[in-house]
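The model shown is predicted, which means the values in this text are computed figures rather than measured ones. Chain identifiers are assigned alphabetically (A, B, ...) following the order of the sequence lines, protein sequences preceding nucleic acid strands; residue numbering begins at 1 within each chain.
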Protein chains: 2
Amino acid sequence: MMAKTKTDMREAVMTAAKATVQSRGYNALSFRELAKEVGIKSASVHYHFPTKGDLGAALARRYTEEGAAYLAELLATSNDASWCMDRYAAIFRAALANDNRMCLCGIMSAELDDLPAEVRTEVDRFAEMNVGWLTQILSRARPSTGEQDLQECAMAIFAAIEGAQLVARGCRDIGIYDRTIRAYRTTGLIP
Amino acid sequence: MMAKTKTDMREAVMTAAKATVQSRGYNALSFRELAKEVGIKSASVHYHFPTKGDLGAALARRYTEEGAAYLAELLATSNDASWCMDRYAAIFRAALANDNRMCLCGIMSAELDDLPAEVRTEVDRFAEMNVGWLTQILSRARPSTGEQDLQECAMAIFAAIEGAQLVARGCRDIGIYDRTIRAYRTTGLIP
DNA sequence: ACCTGAACACCGTTCAAGT
DNA sequence: ACCTGAACACCGTTCAAGT
């Protein structure tokens, strides 16, 4: 038997679309451009994703799932909150290092008012997932702190890291990201 | 003599465009929509702003100028770094309170790869202006700190506040902004 | 099951033409 | 000086038609 070499068009579209959104945002996503990249016609893209909103929601959903899986792995690997936070910050750094890309959900948050409802829902879930994980990490580092304070601090860390990525990207200078994360650590915002 | 009642179309276009960009981003800006809003044809908008890039750059330039003027006023009004930071955070809060809008340059940073060069230049200037002001404020609060550290911390504060705005906006919950800023203060990131 | 061409109302931009 | 209609190549979406 031959291996399954036939390109899965649905996958090819999602891969191309993910790169475009992380670089140029949801609004810049074009079914015609996407079609050209994967070698089909734009009408065929609609066969896999009836609307642009369906594609955007599928992208965000998978992005959250893959992120959650990786974060769960981190959590299982080490009990050291500081090491986990290091790895966490490294994820957002990797996007910048990869052609100045941005967190898929961060860039989509900026475009919020142009997002179909189903895409917004997925963006929300991504934030929830991140804050949930950060709360767990914080509860290890500061076990005596109340759940409410923990969650607020987790949200603050998530926002601060998204912001560091946004600003460093705007300045096309990954050094800004590194120095900003260092400053967050120095002040004690990040364990 | 009559007062000058004739609507300045250039101004009307900029006002409408500013609101659109702060809500939906640069990509969502449409010359045809803009034209309808101010009551002329889209070809006439091109008379005032030859390209979309010209309009975007004009918007960002004015945004920076107006921001700089307001921040200079704050600096002259009080010597209290903590009070100044309070007012600073209030500026970004006001955008959220005003129909969940975002910092013009923050939203444009997210769309960076789709921005014409002249718009990028203005986005850079906005960040520089903010970091410069924050550095001055910090030098008051921590006079013994070196210039380099001061600038890094100023950049971190700018990034953290932009991030708080981005995430709160994404969640359509201004309370997230307030709690996040509070957490920044508690940890000592913000004076 | 998957793809296509053609049509629709949109987009930024250009340009010759109007006042 | 300021505005316009018409044209161009783009866009997402729909749909009847092909295999």
Any donor-acceptor pair under 3.5 Å linking the side chain of B:Ser23 with the backbone of B:Thr20?
-> no

Looking at residues at least two apart in the chain, or sitting in another chain, which of them share a side-chain contact (heavy atoms from CB on, under 4.5 Å) with A:Ala168?
-> A:Leu96, A:Ile176, A:Tyr177

Residues passing the salt bridge (charged side-chain N to carboxylate O under 4.0 Å, His left out) test with A:Asp80, sequence neighbours excluded, are none

Applying side-chain hydrogen bond (donor to acceptor under 3.5 Å, both in side chains), name anything that partners B:Arg62, two or more places apart in sequence or on another chain.
-> B:Glu11

Which residues share a ring-ring contact (aromatic ring centres under 6.0 Å, His included) with A:Phe126, sequence neighbours left out = A:Tyr63

Check whether any side-chain nitrogen or oxygen of B:Tyr47 sits under 4.0 Å from OP1 or OP2 of D:dC3, and answer yes or no.
-> no

Checking A:Lys52 against A:Phe31: charged group under 6.0 Å from the ring centre and within 45 degrees of the axis?
-> no

Note, DNA chain D 5' to 3' with Watson-Crick or G-U pairs under 3.5 Å encoded as ( ), [ ], | and . gives ||.|||||...|||||.||

Backbone of A:Tyr26 reached by a side-chain donor or acceptor of A:Glu111 within 3.5 Å = yes

Give a yes or no on whether a salt bridge exists between A:Arg179 and A:Asp173, defined as a side-chain N under 4.0 angstrom from a carboxylate O.
-> yes

Readout for nucleotides 6-19 of chain C: B = base within 4.0 Å of protein heavy atom, S = sugar-phosphate only, - = neither; 5' to 3' it is -B---BBBBB----

